[in-house]
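To find a chain, count down the sequence lines: A is the first, B the second, and so on, and within it residues start at 1.
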Protein chains: 2
Amino acid sequence: MAIKRKPPLHYESRAEIAKALAHPTRLLLLDALQKSEMCVCDLTDLVGADQSTVSKHLAILKNVGLIACRKEGPMSFYRVTCRCLDGFFTCIETVLRANLDAQRAAMGI
Amino acid sequence: MAIKRKPPLHYESRAEIAKALAHPTRLLLLDALQKSEMCVCDLTDLVGADQSTVSKHLAILKNVGLIACRKEGPMSFYRVTCRCLDGFFTCIETVLRANLDAQRAAMGI
DNA sequence: TGGCCATATGGCAATTATGGCATATATTAA
DNA sequence: TTAATATATGCCATAATTGCCATATGGCCA
């Protein structure tokens, strides 16, 4: 049975944000930007990828509203816009730790 | 400049979990499973996709430790393993709401 | 204006994700 | 054992993501 249908719209928009979070480089960027506002050049050094690559990752984060941008002369300074990211990271950490514990338990340690 | 290098391992494993969360169908599944344990057949009806598709989404969530599975006869019952998902969903909702507000403000309402 | 710097964007190839069909596996009932 | 049900997996075509190069854009200074 089970008629085929699309998931409700609010799951789509939620998934858009989760997708933006689902890349190691973007997690690194968010981590850095949570500490302080930074320009693309410094972020490029930090990440160690092509400047255009970093610029695109920043655009992805900006498009879902996780970060914002301020221009100063020829430079762009990015910053995190929401104070709720810790809740997200904490949840991830909790799951990772639980996985490690489960792994240890399975090995009988 | 900017030497090319890979992101640190902990960002990789964090991203794995975020990736599992980054799909509307999987968000729907988690939402349902947060309310109560459910079997694949009921989840298939709920999602409205092929049973194999649902089974694969469940496998993705299980592989990163977000859900677990209990077999009873020929059926598999899945459940959420961590209590921290609300923190994640709340953060997403916060960002979505901020986006709406910003959109309204931009239109001068 | 011309040249230089910082950033953004277009295009492309390679990789990865997705979803359904067909099929395999496992459990239970007749 | 055979049949039926529930779930998982292999396969494949399509779509989305990623990263780099080349290039465009915009600001600043001589």
Side-chain angles (χ1 to χ4, degrees), chain A residues 1-7 11-13 15-30 32-33 37-64 66-79, chain B residues 1-7 11-29 32-33 37-64 66-79:
Chain A
M1 292 311 115
I3 299 132
K4 288 171 197 177
R5 65 197 110 84
K6 287 194 152 187
Y11 288 116
E12 298 274 1
S13 44
E16 282 308 305
I17 296 179
K19 252 187 263 187
L21 293 164
H23 192 288
T25 298
R26 293 196 286 271
L27 293 179
L28 170 58
L29 288 169
L30 286 174
L33 292 176
E37 187 186 62
M38 287 176 81
C39 68
V40 179
C41 52
D42 287 345
L43 291 169
T44 298
D45 285 351
L46 177 71
V47 168
D50 194 89
Q51 175 269 319
S52 70
T53 299
V54 175
S55 214
K56 279 178 190 173
H57 280 304
L58 290 168
I60 289 169
L61 291 170
K62 187 157 90 83
N63 285 338
V64 299
L66 286 169
I67 62 177
C69 172
R70 169 181 72 85
K71 304 223 177 223
E72 189 176 313
M75 299 200 263
S76 295
F77 288 89
Y78 284 88
R79 68 184 177 282
Chain B
M1 295 309 118
I3 300 132
K4 289 170 198 178
R5 65 197 110 83
K6 286 193 153 189
Y11 288 116
E12 298 273 1
S13 44
R14 286 179 183 187
E16 281 307 306
I17 296 179
K19 252 186 263 189
L21 293 164
H23 192 288
T25 298
R26 293 197 286 272
L27 292 180
L28 169 59
L29 288 169
L33 293 176
E37 187 185 64
M38 287 176 81
C39 67
V40 179
C41 51
D42 288 345
L43 291 169
T44 299
D45 284 351
L46 177 70
V47 168
D50 194 88
Q51 175 269 319
S52 71
T53 300
V54 175
S55 212
K56 279 175 194 173
H57 281 304
L58 290 168
I60 288 169
L61 291 171
K62 187 157 91 83
N63 285 338
V64 298
L66 285 169
I67 63 177
C69 170
R70 171 180 71 86
K71 305 222 177 222
E72 189 176 313
M75 299 200 262
S76 294
F77 288 89
Y78 284 89
R79 68 184 177 282

Think [X] has a side-chain N or O under 4.0 angstrom from the OP1 or OP2 of [N]?
| X | N | result |
| --- | --- | --- |
| His57(A) | dT17(D) | no |
| Tyr78(B) | dA6(D) | no |
| Ser55(B) | dA8(D) | yes |

Please report the distance, rounded to the nearest Å, between [atom1] in [X] and [atom2] in [N].
| X | N | atom1 | atom2 | answer |
| --- | --- | --- | --- | --- |
| Lys62(B) | dT7(D) | NZ | P | 14 Å |
| Leu27(A) | dT18(D) | CG | C1' | 15 Å |
| Lys19(B) | dT15(C) | NZ | C1' | 11 Å |
| Leu43(B) | dG19(C) | CG | P | 15 Å |
| Leu28(B) | dG19(C) | CG | P | 12 Å |
| Met75(B) | dA4(D) | CE | C1' | 14 Å |
| Leu29(A) | dG19(D) | CG | P | 11 Å |
| Leu61(B) | dT7(D) | CG | P | 16 Å |

| field | Cys69(A) vs Thr53(B), nearer the 5' end of DNA chain C by closest nucleotide | value |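 Whichever sits nearer the 5' end wins; that is Cys69(A).
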Would you call [X] and [Y] a side-chain contact if the rule is heavy atoms closer than 4.5 Å?
| X | Y | value |
| --- | --- | --- |
| Leu33(B) | Leu43(B) | yes |
| Leu29(B) | Ile60(B) | no |
| His57(A) | Leu61(A) | no |

| request: Spell out, as yes or no, whether a donor-acceptor pair under 3.5 Å connects the side chain of Asp42(B) to the backbone of Met38(B). | output: no
| request: Give a yes or no on whether the backbone of Leu21(B) and the side-chain of Arg26(B) come within a donor-acceptor separation of less than 3.5 Å. | output: no
| said: As a test of reading the structure: which of dT17(D), dT7(D), dT18(C) is closest to the side chain of His23(B), going by heavy atoms? | reply: dT18(C)
Please write out each protein N/O paired with an N/O of nucleotides 22-30 of chain D under 3.5 Å, distance rounded to 0.1 Å.
none

| Under 4.0 angstrom, heavy atoms only, what part of the nucleic acid is Lys56(A) near: base, sugar-phosphate, or nothing? |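 Touches a base.
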| said: So that I can tick it off, tell me whether Glu72(A) and Arg70(A) are bridged by a salt bridge, with the cut-off set at under 4.0 angstrom between side-chain N and carboxylate O. | reply: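 Result for this pair is yes, salt bridge flagged.
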| task | Looking only at non-hydrogen atoms, find the nearest pair between Asp50(B) and Thr44(B) and report the distance. | result | C-CG2, 4.4 Å
